[in-house]
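Notes follow the structure.
Treat the numbers as computed from the prediction; the structure is a model and nothing was measured. Chain A is the first sequence line, chain B the second, and so forth, proteins listed ahead of strands; every chain is numbered from 1.
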Number of protein chains: 2
Amino acid sequence: MKNTTTAIQVLDRAVGLLDSLSHYPEPVPLKFLTADTGLHASTAFRILAALTAHGFVERTDSGNYMLGTRLLQLGHRVKAGTDVRREARAVMEWLRDQVEESVNLTLREGDEVVYVERVTPARSIRVEQVIGSRAPLHVTAVGKLMLGEMDDESLENYASRTNLERYTRNTLTDLDGLKTEARSSVAQGYALDNEEAELGVGCIGVLIRDGSGKVVAGLSISAPIERRKEDWIPLVLEAGRRISARLGFTG
Amino acid sequence: MKNTTTAIQVLDRAVGLLDSLSHYPEPVPLKFLTADTGLHASTAFRILAALTAHGFVERTDSGNYMLGTRLLQLGHRVKAGTDVRREARAVMEWLRDQVEESVNLTLREGDEVVYVERVTPARSIRVEQVIGSRAPLHVTAVGKLMLGEMDDESLENYASRTNLERYTRNTLTDLDGLKTEARSSVAQGYALDNEEAELGVGCIGVLIRDGSGKVVAGLSISAPIERRKEDWIPLVLEAGRRISARLGFTG
DNA sequence: GAATCGTTTTCACAATATGAAAAATACTAC
DNA sequence: GTAGTATTTTTCATATTGTGAAAACGATTC
């Protein structure tokens, strides 16, 4: 567990505890948390008590710890991409119903995309992205489009910063290949991800633009690779156009 | 701004900053936050820097502060009512489409209900509950049902603890009236809220139970009072039954 | 009923967060 | 343009605050 360290120790520790908590599907005893974080029991206890008082953590009757509803509240007040998320929701549901696959909305954040909204179909085998999770630009359909929007220099900087880490055998790890792919994706208006982030998963992604023409998000279908159909491309393009239109884009 | 105070000062302050941040619809400059929280500029700055490093806060290009996507992530990992929320979603959408009004899912937390999930109709005038917001039991339809499930003593304790605070002229503020209403609501299987929490807003609520028969949540329609129809009662009951059934309740 | 394990409280200590002040940066107005 | 003002950021000496050892408490288990 990587632990970001800042100028304020308690905060680092508190965040570490929340982080640890978020990894458990069930409420956990103090013991587990001290084990994860390496904190002294009394220290962890004290911090958790404070977090509990603020509703960031809740305790079960048995005294176990879990994330608190205050986080739900704050999560819903996050402004990043508020407009896009609100406007996108209905269209995402429409697209999901057309193809019966998971549809995700992503925001760019630095060298990564963050999954901020998702709708899933009612079938037992489906692709599920965790809200808030991240992936580097070069391994996702939407990310490749974002890279394709950059000028050569920025793209090269991205490559040297991140080293184009390999995720699967299909990941584009050489600058030239990536550049070609990114450019042609932008040219055709959509990008594919052929198991480049995860084996077995294929995506079709497009960019979302706001009234000023700026790229504000990405929309993609994620499906088991053998179910993914290129026929869906027009649908994804259409969905992207609709969301962009709602945001005032007149492209 | 009430500020819960715990054994750990920095945490209180950090939470205060997040809280302040959550009240603004747009990114704000440091100035505003120091004004809200009363913190010294350098102190607020330092704490915000730490929160930013952890993704709890983000800064715009102009240097203004806003809540960060890390909160989205943690919010989605909150376990409270996870099962119910997941199972309820589809049924809530169905109900929303039947009546074209907002549908809310609430959890009980102490003497209050917390709104944890919501779907809204595509009409311009509609009731919107903020996810994470709270209301005392005696002013909501679902809450009255929860009160009706208690024994006399617990109900009386609730009344004396909370003083049955008045929200509108329709709020039930006397123990006897509340008791009668709560009991009969439970008997009929649903409760109405006739502008008891907010003037102009009417609700129809039912309880959700899990496999063990325990009440785990509440479901309600919230509509402008003049649009609310008693015809909807069977639909809400049906939706409640469906969700409970998904959780293994066999009535 | 003793022993073991986990949680909670207490408390003396020093490491940590603090805020005054200074430096840097961004605005405004003239 | 320049002077002036407001805001953000860095620095640093200080004492306040968070720390963790140890002890008290509470469950379980043997």
### Message
Taking only side-chain N and O atoms of B:Gln9, does any of them lie within less than 4.0 angstrom of OP1 or OP2 on C:dT18?
### Response
yes
In short, salt bridge (Lys or Arg N to Asp or Glu O under 4.0 Å) pairs touching residues 38-54 of chain A with sequence neighbours left out are none
Assign each of B:Arg46 and A:Lys31 the nucleotide of DNA chain C bearing its closest heavy atom; nearer the 5' end lies the nucleotide of A:Lys31
Taken to the nearest whole Å, CG/A:Leu39 to C1'/D:dA21 is 15 Å
Contacts of A:Arg108 meeting side chain to side chain donor-acceptor pair (under 3.5 Å) (sequence neighbours excluded), chain-then-number -> none
Rounded to whole Å, the CG-P distance (A:Asp12 to D:dT19) equals 10 Å
To the nearest 0.5 Å, atom CG of A:Leu145 lies from atom CD of A:Glu181 at 9.0 Å
Base, sugar-phosphate, or nothing: which does A:Tyr65 touch, judged by heavy atoms less than 4.0 Å apart? sugar-phosphate
Between B:Thr43 and A:Arg59, the residue closer to the 5' end of DNA chain C by nearest nucleotide is A:Arg59
Any donor-acceptor N/O pair under 3.5 Å between D:dG18 base and A:Arg13 side chain
no
Atom CD1 of B:Ile8 and atom P of D:dT17 are separated, to the nearest Å, by 13 Å
Taken to the nearest whole Å, CG/B:Asp61 to C1'/D:dT8 is 16 Å
Q. So B:His76 and A:His76, would you call those rings parallel, tilted or perpendicular, with 30° and 60° as cut-offs?
A. parallel
Is a donor from one side chain sitting under 3.5 angstrom from an acceptor on the other, for B:Thr171 and B:Arg166? no
When rounded to whole Å, the CD1 to P distance for the pair B:Ile47 and C:dA17 reads 10 Å
Query raised in the report: Can you find a side chain N or O atom of B:His40 that sits less than 4.0 Å from OP1 or OP2 on C:dA20?
Result: yes
Taken to the nearest whole Å, CG/A:Leu30 to P/C:dT7 is 5 Å
A:Asn64 CG to C:dG6 P, in whole Å, measures 13 Å
Of D:dT9, C:dT8, C:dG19, the nucleotide closest to the side chain of A:Ala41 is C:dT8
Separation of D:dT7 atom C1' from B:Phe32 atom CZ, nearest Å, is 12 Å
